[in-house]
J.: 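Quick one: structure below, then a few questions.
As the structure is a computational prediction, the values presented were derived from the model and not from experiment. Only this structure's heavy atoms are used, side chains among them; waters, hydrogens and symmetry mates stay out. First the proteins, then the strands, lettered A, B, ... as listed; each starts at 1.
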Amino acid sequence: MTLQFTDPAAGTPLEALAPQDDYEIVRRTLEFTSERYRRQPTLAETARAVRVGEAHLEAVFRRWAGLSPKAFLQAVTIDHARRLLGQGLPLLDAAHEVGLSGPSRLHDLFVRFEAMSPGAHKERGAGLEITYGFADGPFGRTLVLWTDRGLAGIGFSDSEHGGDEGALRDMLGRWPAARSRRDDTEARLWVARVFEPAAWRAEAPLRIVLIGTNFEVRVWERLLAVPLGEATTYGRLAAEIGSPKAARAVGAAVGRNPISFVVPCHRAMGSTGALTGYHWGLTRKRAMLGWEFALARPAAATRP
DNA sequence: GCTTCTCTAGGCC
DNA sequence: GGCCTAGAGAAGC
């Protein structure tokens, strides 16, 4: 399927890959292995539990992440998370314009954000015109919401979250006074733009609108500055926005992030490297981190 | 190592 | 004020 992306800010036609069917196998693999992380199961055991052949499992992972199942699963262990945190991130000084991706972030999803005024937020989305739609993506069935100013929300539909209806209620419920209409065709274009690394280009930044309280928006902006393939902690985020003791409040704000994946709340974890939580399920958080790990280290992907 | 306890900040009603 | 958190660190096992 070939998709033409119509956002004037982003522009080029691109092939949609979105191997959404592979995600189900990846998800089951992650669930199985994280249940028994003490004793890492072999490929054969995993394939049996996921009810696919070993060769198929291998092929799915290579197609989906560009890594062997073994390499992928190593990338989502707690040890690896600790190593990510150990690297540390340079603190940005207060004057630094966070959120806007610089040219140095070659592999990242380039984003230009706009924050919704507190006034507009108080009115619970009154006056907002939201279009939404569902499309398949690499992390399952994806709900996208947008306004004429850019992308406003991303959520996921699965049985744990009440299917399409539950996901929609969750997302639209954040702006109950907004008017909304559905457009699945354009939603497919958004999903292709967001989840296709080839479309991440500095000269065609993704426009997003952050709609939240001042505090929430500050946390989300800071999250946008965490590079792909790296991780941070809630405590570190708190220190970076100038409230070093507010780790818990930061966690709450991160949990309310409306634009999942784009605002990389999956790159935030507890101080021990434990994943601690994710609005759309810990398995999905783990999958996103592993997927990004593969993307950030293409060299490691090809090594046996 | 994991679990429990205590002290938290901030948002929201 | 009171009530929630996708927290953190110490203490105990």
J.: Think A:Arg141 forms a cation-pi with A:Phe156, using NZ or CZ under 6.0 Å from the six-ring centre and within 45 degrees of its axis?
T.: no
J.: Output yes when a side-chain donor or acceptor of A:Trp200 lies under 3.5 Å from a complementary backbone atom of A:Val194, and no otherwise.
T.: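 Checked: pair present.
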J.: To the nearest angstrom, how far is A:Leu237 atom CG from B:dA9 atom P?
T.: 18 Å
J.: Which heavy-atom pair separates A:Val250 from A:Tyr234 by the least distance, and what is that distance?
T.: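 Minimum heavy-atom contact is CG1-O, 3.8 Å.
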J.: How about A:Phe72 and A:Trp64: are their ring centres within less than 6.0 Å of each other?
T.: yes
J.: Atom CE of A:Met288 and atom P of C:dA6: how far apart are they, to the nearest Å?
T.: 17 Å
J.: Grab the CZ-P distance between A:Arg174 and B:dG11 for me, whole Å please.
T.: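 The distance from CZ of A:Arg174 to P of B:dG11 comes to 17 Å, rounded to the nearest Å.
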J.: Rounded to whole Å, how long is the line connecting atom CZ of A:Arg218 with atom C1' of B:dG11?
T.: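 Computing the A:Arg218:CZ to B:dG11:C1' distance gives 13 Å.
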J.: Can you give the dot-bracket line for DNA chain B, using ( ) for pairs inside the strand, [ ] for pairs that cross earlier ones, | for pairs with another strand and . for unpaired bases, where Watson-Crick and G-U count if both distances are under 3.5 Å?
T.: |||||||.|||||
J.: Round to the nearest Å and state the distance from A:Phe215 atom CZ to C:dT5 atom P.
T.: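 Nearest whole value for this atom pair: 16 Å.
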J.: Would you mind reading off the distance between A:His279 atom NE2 and C:dT5 atom C1', rounded to a whole angstrom?
T.: 13 Å
J.: From CD of A:Glu216 over to P of C:dA6, roughly how many Å is that when rounded to an integer?
T.: 13 Å
J.: For residues A:Val209 and A:Leu151, determine if any side-chain heavy atom of one lies less than 4.5 Å from a side-chain heavy atom of the other.
T.: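 A side-chain contact under 4.5 Å is absent here.
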J.: What's the spacing between A:Leu237 CG and A:Leu223 CG if we round to 0.5 Å?
T.: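 Rounded to the nearest 0.5 Å, the CG-CG separation comes out at 5.0 Å.
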J.: In the 5'-to-3' direction, what one-character label does each nucleotide of nucleotides 8-13 of chain C receive under the scheme B = base within less than 4.0 Å of a protein heavy atom, S = sugar-phosphate only, - = no such atom?
T.: SS----
J.: To the side chain of A:Thr213, which of B:dC12, C:dA6, B:dA9 is closest?
T.: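 Closest of the options to the side chain of A:Thr213: B:dC12.
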J.: Could you check whether A:Phe139 and A:Trp291 have their ring centres less than 6.0 Å apart?
T.: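 Ring centroids of A:Trp291 and A:Phe139 are less than 6.0 Å from each other.
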J.: Passes side-chain hydrogen bond (donor to acceptor under 3.5 Å, both in side chains), A:Asp164 versus A:Ser157? Steps please.
T.: CA-CA 5 Å; A:Asp164 285 9; A:Ser157 162; 2.6 Å; yes
J.: A:Arg256 has an atom CZ; how far is it from atom P of B:dA9, in whole Å?
T.: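 Distance check: A:Arg256 CZ to B:dA9 P gives 17 Å.
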J.: So how far is it from A:Leu224 CG to A:Leu210 CG, rounded to the nearest 0.5 Å?
T.: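 So the CG of A:Leu224 and the CG of A:Leu210 are separated by 6.5 Å.
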